[in-house]
Amino acid sequence: MTYRFKNADRLKRNRKIEGEEGTEVGFSGGDKLWILAATDANSRWVRFGDDYINGLRRLQRANASDERVKAYQVEWFTTLFVLRWDVKGDDDQPVPFSKDAVKAYLMETDDVVPSIQKIAFDTMNFRGDKVEVVVGEGKD
């Protein structure tokens with residue numbers, strides 16, 4: 001007997017979004033980043049994920065400051081997860097995408113790094129086209 005389920009496709013991983021296209025993450029003010037998942041579908045994660053995790057553990061064991069941990073995450077998240085963006089500068093013109101620009105943006109903002117961490121490590125965020133981030137959501 002064959003069963004067909006109406007919503008089954010919504011509950012399956014989309015490996016193309018996880019590792020190639022990314023999911024659009026919208027922030028208040030209109031900034032958008034396209035983020036890849038921390039899964040085997042993301043070749044960046046496959047290649048460098050263990051290095052990131054091991055370095056983060058070393059920082060945690062050394063009781064590194066929040067600023068040091070953020071700087072470490074900014075460096076790695078730029079490589080591992082951020083695929084492209086739509087971010088405007090002070091002059092309301094688009095800021096060209098580059099690793100240096102992404103790093104500067106992530107260091108300047110308070111909510112983007114924790115949001116990337118939360119989104120990238122939860123495959124449920126890669127089922128559809130976009131994720132809207134509510135600033136302050138999930139903070140203790």
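Reckoned from all heavy atoms, side chains included, excluding hydrogens, waters and symmetry mates.
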Original post:
Does the side chain of Thr79 reach to within under 4.5 Å of the side chain of Arg47, using non-hydrogen atoms?
Top reply: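 Side chain of Thr79 against side chain of Arg47, heavy atoms only: no contact under 4.5 Å found.
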
How many angstroms lie between atom [atom1] of [X] and atom [atom2] of [Y], to the nearest 0.5 angstrom?
| X | Y | atom1 | atom2 | value |
| --- | --- | --- | --- | --- |
| Ile53 | Arg58 | CD1 | CZ | 11.5 Å |
| Thr109 | Phe27 | OG1 | CZ | 7.5 Å |
| Glu18 | Leu36 | CD | CG | 9.5 Å |
| Phe48 | Leu80 | CZ | CG | 8.0 Å |
| Lys88 | Asp31 | NZ | CG | 8.5 Å |
| Ile17 | Glu24 | CD1 | CD | 11.0 Å |

**OP:** Report yes if the distance between the aromatic ring centroids of Phe121 and Trp45 is under 6.0 Å, otherwise no.
**Re:**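 So the answer is yes for these two rings.
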
**OP:** May I ask you to check whether Phe77 and Phe81 place their ring centres under 6.0 Å from each other?
**Re:**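 Yes, they do, as the ring centres are separated by less than 6.0 Å.
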
To check you understand the geometry: which heavy-atom pair defines the closest contact between [X] and [Y], and what is its length?
| X | Y | answer |
| --- | --- | --- |
| Met107 | Val74 | SD-CG2, 3.5 Å |
| Leu83 | Gly22 | CD2-N, 4.0 Å |
| Ala120 | Ile35 | CB-CG2, 4.3 Å |
| Pro96 | Ala101 | O-CB, 3.7 Å |
| Asn125 | Lys118 | ND2-O, 3.8 Å |

Subject >> Qualifying residue for side-chain contact (heavy atoms from CB on, under 4.5 Å) with Ile116, from Thr78, Val82, Val25 >> reply: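 Only one of Thr78, Val82, Val25 forms a side-chain contact (heavy atoms from CB on, under 4.5 Å) with Ile116, namely Val82.
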
Subject >> For Phe126, the option from Asn42, Asn14, Ile119 that meets side-chain contact (heavy atoms from CB on, under 4.5 Å) >> reply: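 When side-chain contact (heavy atoms from CB on, under 4.5 Å) is applied between Phe126 and each of Asn42, Asn14, Ile119, only Ile119 qualifies.
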
Subject >> SB check Arg84 Asp86 (cutoff 4.0 Å) >> reply: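 Between Asp86 and Arg84 there is no salt bridge, as every charged N stays at least 4.0 Å from the carboxylate O atoms.
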
**OP:** Mind running salt bridge (Lys or Arg N to Asp or Glu O under 4.0 Å) on Asp40 and Arg13 for me, showing each step along the way?
**Re:** CA-CA 12 Å; Asp40 62 340; Arg13 291 174 60 189; 3.2 Å; yes

Subject >> Main-chain N/O of Tyr52 paired with Tyr72 side-chain donor or acceptor, under 3.5 Å >> reply: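 Looks like yes, one N/O pair under 3.5 Å.
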
**OP:** Give a yes or no on whether the backbone of Val95 and the side-chain of Trp85 come within a donor-acceptor separation of less than 3.5 Å.
**Re:**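 Yes; at least one donor-acceptor contact below 3.5 Å.
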
Original post:
Given the rule in the side-chain contact (heavy atoms from CB on, under 4.5 Å) test, do Tyr105 and Val87 qualify, once you have shown the distances and angles that lead to the verdict?
Top reply: CA-CA 9 Å; Tyr105 178 80; Val87 172; 3.7 Å; yes

Does [X] [atom1] have over 12 foreign heavy atoms under 6.0 Å away?
| X | atom1 | value |
| --- | --- | --- |
| Asn7 | CG | yes |
| Glu75 | CD | no |
| Asn54 | CG | yes |
| Lys16 | NZ | no |

